[in-house]
Structures are given as structure tokens and as C-alpha cells.
Amino acid sequence: MESSDAAPRRGRPGYDQSSMLEVIVQVFTDHGYDASSLGMISNRLGLSKSAVYHHFASKAEMLEIALERALGALERVFDEAEGRDTAEGGEREASGRADAVGQIREIVCAAVLVACEQQPYLILLLRLHGNSDVELRALERRRALTARLRAIFERARSEGALRDDLDPGLAARFTFGLVNSLVEWYRPDGPETPDALADAVLAYVRSGLRVNEVADFR
């Protein structure tokens with residue numbers, strides 16, 4: 001899979017892969033990936049089909065690179081939280097891992113920022129139907145992220161920081177559902193800043209998951 005950090009291909013002056021991708025994702029979102037044709041894409045860009053193919057090998061590659069913008073960013077959120085020796089304000093476990101509550105706090109806040117920063121790409125991810133190999137791989141990566149969050153919630157419950165009447169798998173799905181819902185209404189020029197939204201989502205998660213104030217997500 002080509003990373004979103006790869007150097008953009010350049011062709012016609014004024015266009016590069018990154019700027020074209022923003023328009024392509026909007027076409028996919030407006031019409032659905034399956035129904036979007038190269039003709040639609042070239043018309044929206046004001047380019048010939050051959051000019052579009054100078055930047056992308058296929059429509060599948062367009063989708064794959066676009067999905068990497070969202071999935072890659074979310075995977076890095078987990079990698080950084082899970083790889084940190086301690087979480088700010090959290091207690092170090094005997095194993096040296098950050099406490100689960102600290103990791104949840106970090107993941108939720110960072111995931112909200114990703115949802116705001118990569119909004120068009122996350123919308124595309126959430127609307128996939130799984131009708132192609134690229135989509136199936138993306139959906140599998142999305143399920144893997146939910147599994148990683150579930151494992152952290154399981155550890156939080158073992159630490160006594162998660163209410164024992166809530167299944168960790170449901171907790172993970174509820175949390176991701178809340179974060180994902182932001183992409184449907186968040187506006188970069190609106191009154192809510194990404195940081196303020198992160199604080200609000202965290203407060204909401206905290207109120208639903210903690211045990212008698214034991215889990216301090218502040």
C-alpha cells in the first residue's frame with residue numbers, strides 16, 4: 001500500500017496527487033465508490049483521463065491511498081499510545097506499560113483530532129460496502145482497531161477502572177461510534193475546535209464507563 005507520506009507525483013502544472021485526491025474523494029463520497037467513473041473524476045478535476053492516470057494507476061489505487069489517510073493516522077494513534085512507557089497523569093504498571101485508563105484517554109483525544117483533520121477520508125472509510133479487495137482490506141484494518149481498543153478496555157476492567165457490567169467490546173464500539181459520528185456534522189469553520197471536541201468526547205466517555213469516580217480521565 002502506498003503511504004500518504006510518499007512524494008506526490010507531478011504532471012500537469014498546478015496539480016499533484018494530494019490536491020487531486022481531495023477532489024477524487026469528494027466524487028467517491030457524492031456518488032459512491034462503485035458508481036464513480038474515471039469520466040466523473042476527470043470532469044470534476046478539469047483534466048483528461050490520461051492526465052488523471054499520470055498520477056494514479058487505477059481507481060482502486062485512488063481509493064487505497066485515500067483510505068490510508070484515515071487508517072494510517074488512526075493506527076499511529078494506537079501505536080503511540082501503546083508504545084508509551086507512561087501516560088500523562090497515569091500510573092506505571094509493573095510491566096512498564098502505561099495504565100489502561102491513560103491509554104484510553106490518549107487514544108480518544110487523538111482519534112477525535114484525526115476525525116477532524118482527516119474528515120473527508122474518514123467519511124469515505126465509514127461508507128465502504130466491502131465490494132472490492134481494497135475495501136475488504138480496509139474494513140479488516142478497521143476491525144483490528146476496534147479489537148485493539150477492546151483489549152485496552154479489558155485491561156481497564158481488570159485494573160478496576162471500568163464498570164464490570166459493561167462488556168469491553170461494547171465499550172470499544174460505543175467509543176468509536178461516538179468519535180466517528182463527528183465527521184457527519186463537524187465543520188472546520190464552526191464554533192467547536194478539535195481540542196474542545198476532544199475534551200467533550202472524553203468527558204462523555206468518562207461519564208459512561210467509570211466506576212464511582214475510580215477512572216480519572218481528566
Side-chain angles (χ1 to χ4, degrees), residues 1 67-119 121-130 133-184 186 194 197-218:
M1 176 176 294
L67 293 174
E68 179 65 22
R69 296 287 182 92
L71 286 166
L74 289 171
E75 287 168 347
R76 287 189 291 274
V77 164
F78 277 82
D79 291 343
E80 291 173 6
E82 293 170 346
R84 207 177 304 282
D85 287 339
T86 59
E88 183 180 352
E91 297 295 329
R92 183 192 294 269
E93 290 185 331
S95 65
R97 292 184 302 176
D99 69 299
V101 167
Q103 287 186 342
I104 293 169
R105 178 176 58 239
E106 184 174 349
I107 288 168
V108 169
C109 286
V112 170
L113 298 183
V114 169
C116 295
E117 293 166 0
Q118 305 295 340
Q119 185 180 20
Y121 305 97
L122 187 55
I123 289 174
L124 180 63
L125 173 64
L126 296 175
R127 295 182 182 178
L128 294 183
H129 297 295
D133 289 341
V134 172
E135 292 173 89
L136 290 172
R137 288 194 298 270
L139 292 174
E140 181 58 33
R141 290 172 70 184
R142 185 181 170 192
R143 285 192 290 270
L145 289 171
T146 302
R148 291 171 76 173
L149 187 56
R150 182 187 67 237
I152 299 173
F153 274 120
E154 288 173 349
R155 189 154 58 88
R157 186 166 66 176
S158 71
E159 294 171 5
L162 175 67
R163 47 192 290 184
D164 58 13
D165 62 339
L166 182 59
D167 178 76
L170 290 178
R173 292 179 184 276
F174 292 160
T175 301
F176 262 136
L178 183 58
V179 173
N180 291 339
S181 70
L182 298 175
V183 302
E184 299 297 338
Y186 168 71
L197 285 174
D199 289 341
V201 170
L202 194 60
Y204 199 84
V205 171
R206 178 181 66 235
S207 66
L209 302 178
R210 63 186 176 184
V211 181
N212 297 325
E213 307 295 325
V214 170
D216 185 3
F217 288 79
R218 292 176 298 175

K.L.:
So, taking the atom named OH in Tyr186 and the one named CD in Glu117, what distance separates them when rounded to the nearest 0.5 Å?
P.N.:
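The distance works out to 8.5 Å.
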
K.L.:
Looking only at non-hydrogen atoms, find the nearest pair between Leu170 and Leu166 and report the distance.
P.N.:
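Result for this residue pair: CB-CD1, 4.3 Å.
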
K.L.:
Measure the CZ-CD1 distance between Arg157 and Ile152 for me, rounded to the nearest 0.5 Å.
P.N.:
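It is 15.0 Å, given to the nearest 0.5 Å.
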
K.L.:
Of the non-hydrogen atoms in Gly130 and Leu139, which two are nearest, and what is the gap between them?
P.N.:
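Taking Gly130 first and Leu139 second, the nearest heavy atoms are CA-CD1, 3.7 Å.
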
K.L.:
Rounded at 0.5 Å granularity, tell me how far CZ in Arg173 sits from CG in Leu149.
P.N.:
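Going from CZ on Arg173 over to CG on Leu149, the span is 11.0 Å.
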
K.L.:
Would you mind telling me which of Val77, Val201, Leu202 makes a side chain to side chain contact (heavy atoms under 4.5 Å, CB included) with Cys109?
P.N.:
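The side chain to side chain contact (heavy atoms under 4.5 Å, CB included) with Cys109 is passed solely by Leu202 among Val77, Val201, Leu202.
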
K.L.:
Should the pair Glu184-Arg127 be classified as a salt bridge under the 4.0 Å nitrogen-to-oxygen rule?
P.N.:
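Yes.
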
K.L.:
Look up atom CG in Leu197 and atom CG in Leu113, then write down how far apart they are to the nearest 0.5 Å.
P.N.:
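The CG atom of Leu113 is 9.0 Å from CG of Leu197, to the nearest 0.5 Å.
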
K.L.:
Is any side-chain N of the basic residue among Glu140 and Arg143 closer than 4.0 Å to the acidic one's carboxylate O?
P.N.:
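Result for this pair is yes, salt bridge flagged.
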
K.L.:
Quick one: which of Arg148, Arg69, Arg142, Arg141 gives a salt bridge (Lys or Arg N to Asp or Glu O under 4.0 Å) with Glu75?
P.N.:
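Among Arg148, Arg69, Arg142, Arg141, the one that satisfies the salt bridge (Lys or Arg N to Asp or Glu O under 4.0 Å) with Glu75 is Arg141.
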
K.L.:
Kindly compute the distance separating CZ (Phe153) from CG (Asp167), expressed to the nearest 0.5 Å.
P.N.:
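Phe153 atom CZ to Asp167 atom CG measures 11.0 Å (nearest 0.5 Å).
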
K.L.:
Any salt bridge between Arg76 and Glu80, counting N to O under 4.0 Å?
P.N.:
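A salt bridge is absent here (no side-chain N lies under 4.0 Å from a carboxylate O).
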
K.L.:
Against Leu74, only a single residue in Ile107, Asp79, Val114, Val179 fulfils side chain to side chain contact (heavy atoms under 4.5 Å, CB included); can you say which?
P.N.:
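Of Ile107, Asp79, Val114, Val179, side chain to side chain contact (heavy atoms under 4.5 Å, CB included) with Leu74 is met by Val114 alone.
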
K.L.:
Can you tell if the side chain of Ile104 reaches within under 4.5 Å of the side chain of Thr175, non-hydrogen atoms only?
P.N.:
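Heavy-atom side-chain distance check fails, nothing below 4.5 Å.
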
K.L.:
State, to 0.1 Å, how close Ala161 and Val101 come at their nearest heavy-atom pair, and which atoms those are.
P.N.:
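In this case the closest contact between Ala161 and Val101 is CB-CG2, 3.3 Å.
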
K.L.:
Does Glu135 use its side chain to pair, donor to acceptor, with the backbone of His129 at less than 3.5 Å?
P.N.:
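Side chain of Glu135 to backbone of His129, a donor-acceptor pair under 3.5 Å: yes, one is there.
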
